[in-house]
Amino acid sequence: MEQTPANECQPAWLDTIRWTADGLVPAIAQDADSGDILMMAWMNAESLQLTVTEGQAVYWSRSRGKLWRKGESSGHQQVIKDIRLDCDADVILLKVEQKGGIACHTGRRSCFYQSLQHGQWQSVEPVLKDPSAIYNTAKSAREPNGE
């Protein structure tokens with residue numbers, strides 16, 4: 001399904017991006033101060049435009065088929081400090097201020113909390129806040145798209 005809007009008023013800078021066949025581009029969120037990689041999500045043209053306009057990260061949720069404002073249910077918004085495009089024009093880097101210090105729906109600072117050690121994935125980052133306390137539910141921390 002094509003996600004980029006057929007909008008003739010679309011800014012020219014969006015045309016530089018090499019969108020996937022689905023009209024998406026991967027976006028990496030990085031802590032602007034520490035350089036830590038916090039998460040990866042997908043953006044379409046509308047979510048990227050809204051991110052620029054609103055100054056906060058807006059992604060495209062593939063599982064829900066709709067826009068997803070980071071932090072809309074958790075309160076852990078990502079304030080945009082800089083937006084970069086890689087040399088192949090097919091990956092966005094968002095340098096952000098991560099509100100609340102938690103980017104992952106599992107209650108961790110980063111979604112990249114598992115390390116391959118001796119042929120097994122090991123959790124190497126602590127849970128900073130129980131996900132059920134973040135989302136006011138009894139959802140499992142392993143549930144995808146917890147945001």
Side-chain angles (χ1 to χ4, degrees), residues 1-117 119-125 127-128 131-132 134-135 137 139-147:
M1 178 192 319
E2 180 75 16
Q3 298 302 327
T4 52
N7 182 351
E8 294 172 8
C9 297
Q10 181 172 291
W13 56 265
L14 283 171
D15 295 334
T16 303
I17 298 169
R18 293 179 55 210
W19 305 95
T20 66
D22 292 338
L24 301 173
V25 66
I28 299 168
Q30 178 184 41
D31 185 285
D33 291 330
S34 70
D36 292 344
I37 301 299
L38 302 174
M39 58 176 276
M40 179 274 176
W42 294 93
M43 299 181 103
N44 65 8
E46 182 182 10
S47 67
L48 184 52
Q49 281 184 277
L50 286 169
T51 296
V52 170
T53 302
E54 296 176 8
Q56 294 192 11
V58 180
Y59 299 105
W60 176 257
S61 172
R62 295 180 304 164
S63 62
R64 291 182 243 161
K66 67 177 192 172
L67 293 173
W68 158 43
R69 284 174 169 76
K70 177 65 177 156
E72 65 191 353
S73 57
S74 68
H76 300 139
Q77 296 93 355
Q78 293 175 338
V79 177
I80 303 300
K81 299 299 182 179
D82 191 13
I83 300 175
R84 302 211 180 175
L85 182 63
D86 80 325
C87 59
D88 294 323
D90 61 0
V91 178
I92 300 291
L93 175 65
L94 302 176
K95 293 190 176 202
V96 303
E97 174 190 345
Q98 180 64 58
K99 295 295 185 179
I102 297 172
C104 185
H105 74 279
T106 65
R108 292 174 173 88
R109 172 159 172 70
S110 170
C111 293
F112 297 96
Y113 62 88
Q114 298 178 84
S115 175
L116 186 60
Q117 298 177 2
Q120 294 184 355
W121 293 108
Q122 300 291 322
S123 293
V124 295
E125 300 291 332
V127 173
L128 301 177
S132 63
I134 296 171
Y135 300 103
T137 67
K139 286 184 181 179
S140 165
R142 299 288 292 163
E143 181 177 329
N145 303 313
E147 180 62 35

Carefully, step by step, assess Val124 and Gln117 under the rule side-chain contact (heavy atoms from CB on, under 4.5 Å). CA-CA 10 Å; Val124 295; Gln117 298 177 2; 3.5 Å; yes
Quick one: does Gln122's side chain have a donor or acceptor within less than 3.5 Å of a partner on Ser115's backbone? no
Could you tell me whether the side chain of Met43 reaches within less than 4.5 Å of the side chain of Tyr59, counting heavy atoms only? yes
Side-chain contact test, heavy atoms from C-beta onward, threshold under 4.5 Å: evaluate it for Trp121 versus Leu116 and give yes or no. yes
Hey, is the main chain of Asp36 close enough, under 3.5 Å, to the side chain of Asp31 for a donor-acceptor pair? no
Qualifying residues under side chain to side chain donor-acceptor pair (under 3.5 Å), relative to Asp88, sequence neighbours excluded: none
Flag side-chain contact, heavy atom, 4.5 Å: Trp13 against Val52: yes
Below 4.5 Å, heavy atoms only, C-beta onward: do Ile80 and Leu94 meet side chain to side chain? yes
Minimum heavy-atom distance His76-Gly100, with the two atoms named: CD2-CA, 3.9 Å
Taking all non-hydrogen atoms of both residues, which atom of Leu24 and which atom of Trp42 are closest, and how far apart? CB-CE3, 3.7 Å
Distance col, row Tyr113:OH vs Thr106:OG1, nearest 0.5 angstrom, shows 4.5 Å
Do Leu38 and Arg109 touch side chain to side chain, with heavy atoms closer than 4.5 Å? yes
Would you give the length of the straight line joining atom NZ of Lys95 to atom CG of Asp33, rounded to the nearest 0.5 angstrom? 10.5 Å
Rounded distance (nearest 0.5 Å) linking atom CD of Glu46 with atom CD of Gln10: 10.5 Å
Determine, step by step, whether Leu93 and Asp82 satisfy the side-chain contact (heavy atoms from CB on, under 4.5 Å) criterion, reporting the C-alpha distance in whole Å, the side-chain angles of both residues, the deciding distance to 0.1 Å, and the verdict. CA-CA 8 Å; Leu93 175 65; Asp82 191 13; over 6 Å; no
Heavy-atom closest pair, residues Leu85 and Asp90: CD1-N, 4.3 Å
Compare all side-chain heavy atoms of Ile92 with those of Ile28 and state whether any distance is below 4.5 angstrom. no
Check the pair Glu125, Cys104 against side-chain contact (heavy atoms from CB on, under 4.5 Å), reporting the backbone distance first and the verdict last. CA-CA 11 Å; Glu125 300 291 332; Cys104 185; over 6 Å; no
Name all residues meeting the side chain to side chain donor-acceptor pair (under 3.5 Å) criterion together with Thr51; count only those two or more places apart in sequence or in a different chain, and write none if there are none. none
Measuring only between side-chain heavy atoms, which start at C-beta, is Cys111 closer than 4.5 Å to Met40? no
Quick check against the 3.5 Å criterion: does Trp68 have a side-chain atom that pairs as donor or acceptor with the backbone of Ser47? no
Closest non-hydrogen atoms of Lys99 and Gly75, given as atom of the first, atom of the second and distance, are CB-O, 4.2 Å
Looking only at heavy atoms, what is the nearest atom pair of Ala103 and Met39, with distance? O-SD, 4.1 Å
In Å, rounded to the nearest 0.5 Å, how long is the span from CD of Gln78 to CD of Gln30? 11.5 Å
Kindly indicate, with the supporting measurements, whether the criterion side-chain contact (heavy atoms from CB on, under 4.5 Å) is fulfilled by Gln56 and Lys70. CA-CA 8 Å; Gln56 294 192 11; Lys70 177 65 177 156; over 6 Å; no
Return yes if some donor-acceptor pair links the side-chain N/O of Ser110 with the main-chain N/O of Ile37 below 3.5 Å, else return no. yes
Please report the shortest heavy-atom distance between Gln98 and Gln77, naming the atom on each side. NE2-O, 3.5 Å
Check whether any side-chain heavy atom of Trp19 lies under 4.5 Å from a side-chain heavy atom of Leu48, and answer yes or no. yes
Enumerate the salt bridge (Lys or Arg N to Asp or Glu O under 4.0 Å) contacts for residues 48-57, please, sequence neighbours excluded, ordered by first and then second residue. Glu54-Arg69
